[in-house]
Amino acid sequence: MSVEEGADLPDLELTGADGPIRLRSFVGKPFVLYFYPKDDTGGCTKEAQEFSAALPDFAKAGVAVLGVSKDTAAKHAKFTAKYDLTVPLASDEQEVIEAFGAWVPKVLYGRDYMGIDRSTWLFDASGKLVRTWRKVKVPGHVEQVLAAVKELS
């Protein structure tokens, strides 16, 4: 299963730093949801830092941003503190990650395994999916998302 462009934001729940986060609670303003493999790894750290640096620009455009991985809320708290991140992060056992089709087969050093596809999802204010980025390469990605957000207005 995967959320396709034009689909409504699913009514699923994640665990945030301050408790449960319902995805549907973001309807009413544009929303960027991004999935990343693991806290405190090179690409994931860079991506979180870049989203954090651009958070004021997203806020100025009236857009909420949320990063999601399978890491626990406690691990997210350490990751956030270590790098002074401002982008909110949420934990998911796997339900939301699977619903978005972001739990995929991967290969590392010839070993097959399942993991999170670095991906980003942009929803408009009505909660409709308007843009998806799959197999994201971190350099320049946040700028692409911000440009797409500006096209919504």
Side-chain angles (χ1 to χ4, degrees), residues 1-71 73 75-76 79-80 83-106 114-153:
M1 180 177 140
S2 181
V3 177
E4 302 294 330
E5 288 187 18
D8 288 326
L9 184 60
D11 190 20
L12 298 170
E13 190 172 281
L14 296 160
T15 303
D18 300 320
I21 298 171
R22 292 216 71 85
L23 289 181
R24 295 286 302 164
S25 71
F26 291 98
V27 173
K29 61 183 167 190
F31 173 52
V32 172
L33 178 67
Y34 78 94
F35 294 97
Y36 65 98
K38 191 169 181 56
D39 287 347
D40 213 0
T41 57
C44 298
T45 299
K46 184 74 174 148
E47 185 177 27
Q49 288 171 323
E50 290 183 7
F51 269 113
S52 289
L55 211 53
D57 295 322
F58 283 104
K60 210 178 293 179
V63 179
V65 178
L66 182 65
V68 177
S69 78
K70 288 178 63 102
D71 291 311
K75 193 159 184 211
H76 285 332
F79 180 47
T80 296
Y83 295 100
D84 294 320
L85 302 175
T86 56
V87 66
L89 302 175
S91 302
D92 179 49
E93 291 290 319
Q94 205 162 310
E95 177 187 17
V96 177
I97 295 165
E98 283 187 357
F100 278 82
W103 189 245
V104 298
K106 294 179 146 191
M114 295 296 289
I116 295 176
D117 174 32
R118 187 183 312 279
S119 51
T120 303
W121 310 76
L122 173 60
F123 293 87
D124 67 13
S126 72
K128 293 268 186 237
L129 179 61
V130 294
R131 182 86 190 267
T132 305
W133 292 265
R134 304 302 302 251
K135 298 188 187 325
V136 166
K137 301 291 183 229
V138 174
H141 177 62
V142 171
E143 291 83 1
Q144 292 174 342
V145 177
L146 200 49
V149 160
K150 290 176 180 173
E151 290 173 12
L152 286 179
S153 345

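Both backbone and side-chain heavy atoms feed into the values below; hydrogens, waters and symmetry mates do not. Quick note: residue numbers are just sequence positions, from 1.
Pairing each heavy atom of G16 with each of I21, the nearest pair is CA-CD1, 3.5 Å. Residues V3 and P10 share a closest heavy-atom pair of CG2-CG, 3.9 Å. Closest approach of L152 to P30, counting heavy atoms only: CD1-CB, 3.9 Å. Residues V149 and A61 come closest through the heavy atom pair CG1-CB, 3.8 Å. Here the shortest heavy-atom pairing between P37 and C44 reads CD-SG, 3.4 Å. Nearest heavy-atom pair, V96 versus E13, reported as atom, atom and distance to 0.1 Å: CG2-O, 3.8 Å.
Between the side chain of S52 and the backbone N or O of V87, at least one donor-acceptor pair lies under 3.5 Å. The backbone N or O of A90 lies less than 3.5 Å from a partner atom in the side chain of H76, making a donor-acceptor pair. Counting only distance, with no hydrogens or angles, the side chain of D117 and the backbone of S119 share no donor-acceptor pair below 3.5 Å.
A distance of 4.5 Å separates OG1 of T86 from CG of L55, quoted to the nearest 0.5 Å. E151 CD to D124 CG: the interatomic distance, rounded to the nearest 0.5 Å, is 13.5 Å. Here the CH2 atom belonging to W121 is positioned 8.5 Å from the CD atom belonging to E5, to the nearest 0.5 angstrom. Between atom OG1 of residue T41 and atom NZ of residue K46 there is a gap of 13.5 Å, rounded to the nearest 0.5 Å. Distance check: K75 NZ to D40 CG gives 7.0 Å after rounding to the nearest 0.5 Å.
D11 has its side chain out of reach of L23: every pair of non-hydrogen atoms, C-beta onward, lies at least 4.5 Å apart. Side-chain contact between L89 and L66: absent, with no pair of heavy atoms (C-beta onward) separated by less than 4.5 Å. No side-chain heavy atom of D71 sits under 4.5 Å from any side-chain heavy atom of F79. Within the 4.5 Å cutoff, side-chain heavy atoms of Y83 are placed close to those of Q49. For the pair E50 and V138, the minimum side-chain heavy-atom distance is below 4.5 Å. Counting heavy atoms from C-beta outward, R134 and T132 have side chains that approach closer than 4.5 Å. Side-chain contact between R24 and F26 is absent, with no heavy atoms from C-beta onward closer than 4.5 Å. Side-chain contact between L12 and E95 is present, with heavy atoms from C-beta onward closer than 4.5 Å.
Under a cut-off of 6.0 angstrom, the local environment of NZ in K38 is sparse, with at most 12 non-hydrogen atoms contributed by other residues, nucleotides or ligands. The number of heavy atoms from other shown groups lying within 6.0 Å of CD (E93) does not exceed 12. Annotation: K106, atom NZ; neighbour count of heavy atoms from other residues, nucleotides and ligands within 6.0 Å is above 12.
We find that K70 and D92 are not joined by a salt bridge, their nearest charged nitrogen and carboxylate oxygen being 4.0 Å or further apart. Salt bridge present: E47 and R118 bring a charged side-chain N and a carboxylate O closer than 4.0 Å.
Between F35 and F100, the ring center distance clears the sub-6.0 Å criterion.
Considering only residues two or more places apart in sequence or on other chains, Y34 meets the ring pair (Phe, Tyr, Trp, His ring centres under 6.0 Å) condition with Y36, F51.
Considering T120, V65, V63 as possible partners of V145, the one that fulfils the side chain to side chain contact (heavy atoms under 4.5 Å, CB included) test is T120.
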Q. Going through the distances and angles, do I116 and W103 end up as a side chain to side chain contact (heavy atoms under 4.5 Å, CB included)?
A. CA-CA 5 Å; I116 295 176; W103 189 245; 3.9 Å; yes
**Asked** What's the verdict on side chain to side chain contact (heavy atoms under 4.5 Å, CB included) for S69 and D39, showing C-alpha distance, side-chain angles and the deciding distance?
**Response** CA-CA 8 Å; S69 78; D39 287 347; 4.0 Å; yes
